[in-house]
Structure formats: structure tokens, C-alpha cells
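We use all heavy atoms of the structure for the numbers below, so side chains are in, but hydrogens, waters and symmetry mates are not.
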Amino acid sequence: MNQPSKEKANNWDTTTYDEGHSFVFEFGEGVVDLLEPEAGEQIIDLGCGTGHLSHRIADAGANVIGLDASEEMITKARETYPECDFVHADARDFSFAEPFDSVFSNAALHWIPEQDAVLESITNVLQPNGQFVAELGGIGNIASIVETVQDVAAERGYEVKSPWYFPTVGEYTTKLEAHGFEVRYATLFDRPTELDGGTDGLSSWLRMFGDSLLAPIPDEEQQGIISTVEDRLRGRQFIDGTWVADYRRLRIVAVYMAE
Ligand code: BEZ
């Protein structure tokens with residue numbers, strides 16, 4: 001999910017996203033399994049991207065609204081799945097008149113540091129006993145990539161800060177409880193993730209997702225920095241012709257008890 005207020009927001013190329021980074025929603029199928037959607041349920045897919053998982057959830061007979069802050073993503077989702085509902089909205093500030101049975105989110109929430117505002121919006125739309133099922137990057141997610149970009153940029157005089165929110169289990173479950181949730185399941189696990197694109201996998205990942213990470217670096221210097229990052233990580237993370245990113249996932253199932 002792209003947030004409009006970021007200083008330099010990602011501009012999503014939805015075709016490259018779908019064709020070159022399909023692992024994002026393919027891994028999300030496991031999160032849909034945790035959701036266990038049922039026919040007739042009202043479900044929000046928060047940070048729906050190009051809508052593939054919203055469609056998967058709708059296949060179970062649920063009524064799904066996919067919500068994303070990127071207009072490009074919503075346009076592509078509507079084109080691909082005209083039978084589904086998609087709404088352009090900000091996860092930090094959305095509301096609907098009718099209550100929902102579940103809010104689902106895959107690989108989106110780590111784009112939003114203002115997580116209390118997100119949880120506030122979620123509790124405003126969930127009915128009591130409604131569930132929140134999510135996967136996001138957890139503490140240490142892509143740490144080698146972020147730290148190496150920071151090191152190489154610093155050597156050239158640029159200060160790069162991580163734009164992402166990768167919480168610990170304790171931090172996130174405490175937040176959930178403060179917002180009236182009972183946490184039924186929370187786990188943090190390593191998921192080394194093969195990037196598409198062979199030798200270009202890491203640079204294409206950084207080009208797709210790293211706009212806000214690379215924002216302090218002038219455009220003409222970015223490629224040089226990316227090449228040095230590749231040189232430093234190649235020995236550990238380029239395995240049999242494929243770049244492997246050090247993803248760590250936080251999975252959550254929580255029930256809204258109302259405050
Ligand atoms: C992730 O899915 O963990 C992720 C993707 C892009 C940027 C940062 C994290």
C-alpha cells in the first residue's frame with residue numbers, strides 16, 4: 001500500500017508489480033487460509049494492491065471490499081476484477097456505514113508508521129467479535145538490505161532512514177490489546193524470499209519498492225549505490241542465480257472485543 005503523505009511516495013508500476021513481484025500475493029494465500037472466509041461474510045482487504053487476494057477471498061462467497069491508498073493499484077484491481085468492489089482510501093482514516101466481520105491485510109501495514117491510526121480505523125469498522133487477520137514485515141525484516149543501503153549511502157554522504165514499520169510480536173500485540181483486541185495468534189518467522197529477475201532481482205526489487213528508502217539519494221547516484229549494495233550482498237544472498245531477500249513475517253489473528 002502506498003501512502004499519499006510520504007515525502008517521496010512510491011509510484012507503482014502495476015504491471016511490473018504483478019509480473020515481476022508476484023510472490024507478494026502468492027505468499028499471501030497462506031494468510032487467506034488463516035482468515036477462513038465464509039460465504040456471506042463482509043470483509044475488508046486492507047492494502048489490496050492489484051486485488052488478487054480480494055478476489056481469492058470473494059471466491060469463498062464473502063463480500064469483499066479491497067481498499068488501497070494507491071490510485072494505480074485500485075485502477076488495475078478494478079480492471080482485472082470488475083466483479084469485485086475496490087475503494088481508493090487511506091488505511092489511517094477510512095470508515096463505512098455497515099460493520100464488517102473481518103479485516104484482512106497482507107504485506108501492506110509495514111508501509112504505515114502511524115499504526116495506531118490504522119488500528120483505530122479498523123476497530124471503527126469491525127463489529128464486536130470481528131476478526132483482524134494480517135501479515136506484515138516483522139522486526140528484522142529485510143535488515144541486510146536496509147542496513148547495506150544505509151551503509152553505502154552514508155559512505156557517500158547521504159543519511160537513509162528506513163521508511164517501514166517492522167514491529168516485534170510484543171510491540172504489536174500490546175498495541176492490539178490497547179485497541180480492544182484479544183490476540184488469538186501471533187508469530188514471527190523467517191521467510192527467505194526468492195526475488196524474480198535473476199541477476200537483476202535485487203535492483204528490480206529496490207526499484208519497485210525502494211522509492212522512499214532511496215529518496216535522500218539523488219537519482220543520478222542511485223544506480224551506483226545499488227550496484228555497490230549488490231556487490232556487498234552477493235556472497236550471502238545471491239544463491240544459484242537468484243537473489244534471496246531476508247524477509248521476516250509477523251502474522252496476527254486478533255478478535256475485536258470492543259473497548
Ligand atoms: C515486505 O513485504 O516485507 C516489504 C516489501 C517492500 C518493502 C518493504 C517490505
Side-chain angles (χ1 to χ4, degrees), residues 1-10 24 28 31 34-35 42-49 53-54 64-71 73-74 87-143 146 161-189 209 211-213 215 247-259:
M1 171 183 286
N2 184 18
Q3 287 303 311
S5 73
K6 278 194 314 212
E7 268 175 36
K8 184 170 178 188
N10 267 79
V24 176
V31 195
L34 268 186
L35 175 70
Q42 309 291 327
I43 300 177
I44 289 178
D45 177 6
L46 193 55
C48 64
L53 294 177
S54 312
V64 187
I65 297 184
L67 188 151
D68 205 285
S70 158
E71 290 219 51
M73 291 291 190
I74 289 294
V87 173
H88 177 229
D90 186 331
R92 296 166 299 188
D93 184 17
F94 66 93
S95 59
F96 291 94
E98 299 301 318
F100 285 77
D101 297 294
S102 298
V103 173
F104 166 91
S105 183
N106 175 60
L109 297 176
H110 48 242
W111 290 96
I112 313 170
E114 303 91 343
Q115 210 59 211
D116 286 305
V118 174
L119 293 174
E120 178 87 32
S121 292
I122 292 173
T123 55
N124 284 342
V125 298
L126 272 181
Q127 61 181 21
N129 292 317
Q131 62 167 354
F132 173 45
V133 176
E135 180 176 303
L136 63 153
I139 186 77
N141 192 44
I142 55 165
V146 172
K161 292 196 179 128
S162 170
W164 298 299
Y165 173 70
F166 299 139
T168 63
V169 171
E171 182 183 343
Y172 206 67
T173 54
T174 301
K175 244 184 218 312
L176 286 164
E177 287 176 356
H179 284 271
F181 285 96
E182 184 176 280
V183 180
R184 299 279 170 89
Y185 175 80
T187 184
L188 175 71
F189 59 98
F209 298 113
D211 277 10
S212 41
L213 180 69
Y247 274 42
R248 302 191 87 205
R249 313 319 277 171
L250 178 58
R251 277 189 179 178
I252 296 289
V253 177
V255 174
Y256 182 49
M257 313 306 284
E259 287 155 295

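Within the structure, every pair that satisfies the salt bridge (Lys or Arg N to Asp or Glu O under 4.0 Å) test and touches residues 118-143, not counting sequence neighbours, is listed here: E135-R191, E135-R249, E135-R251.
Contacts of K175 classified as side chain to side chain contact (heavy atoms under 4.5 Å, CB included), with partners at least two apart in sequence or in another chain: Q115, D116, L119, Y165. For E71, the side chain to side chain contact (heavy atoms under 4.5 Å, CB included) partners at least two apart in sequence or on another chain are H88. In this structure S162 satisfies the side chain to side chain contact (heavy atoms under 4.5 Å, CB included) test together with V146, W164, sequence neighbours excluded. Remark: E182 pairs with R184 by the salt bridge (Lys or Arg N to Asp or Glu O under 4.0 Å) rule, at least two apart or across chains. Applying the side chain to side chain contact (heavy atoms under 4.5 Å, CB included) criterion to A186, with sequence neighbours excluded, gives V169, T173, V183, I252.
Looking only at distances, no side-chain donor or acceptor of D101 sits under 3.5 Å from a matching main-chain atom of I43.
Taking CZ from F181 and CG from L126, the interatomic distance works out to 5.5 Å, rounded to the nearest 0.5 Å.
Closest of all the heavy-atom pairs between R248 and L188 is NH1-CD2, 3.9 Å. Between L67 and A89, the closest heavy-atom pair is CD2-O, 3.6 Å.
Contact check for F94 versus V87: no side-chain heavy atoms found under the 4.5 Å cut-off. When side chains are defined from C-beta on, V31 counts as touching V133, because their heavy atoms get closer than 4.5 Å. Between Q131 and L35, the closest side-chain pair of non-hydrogen atoms falls below 4.5 Å.
A side-chain contact (heavy atoms from CB on, under 4.5 Å) with C48 holds for exactly one of I74, N106, L53, I65; it is I74.
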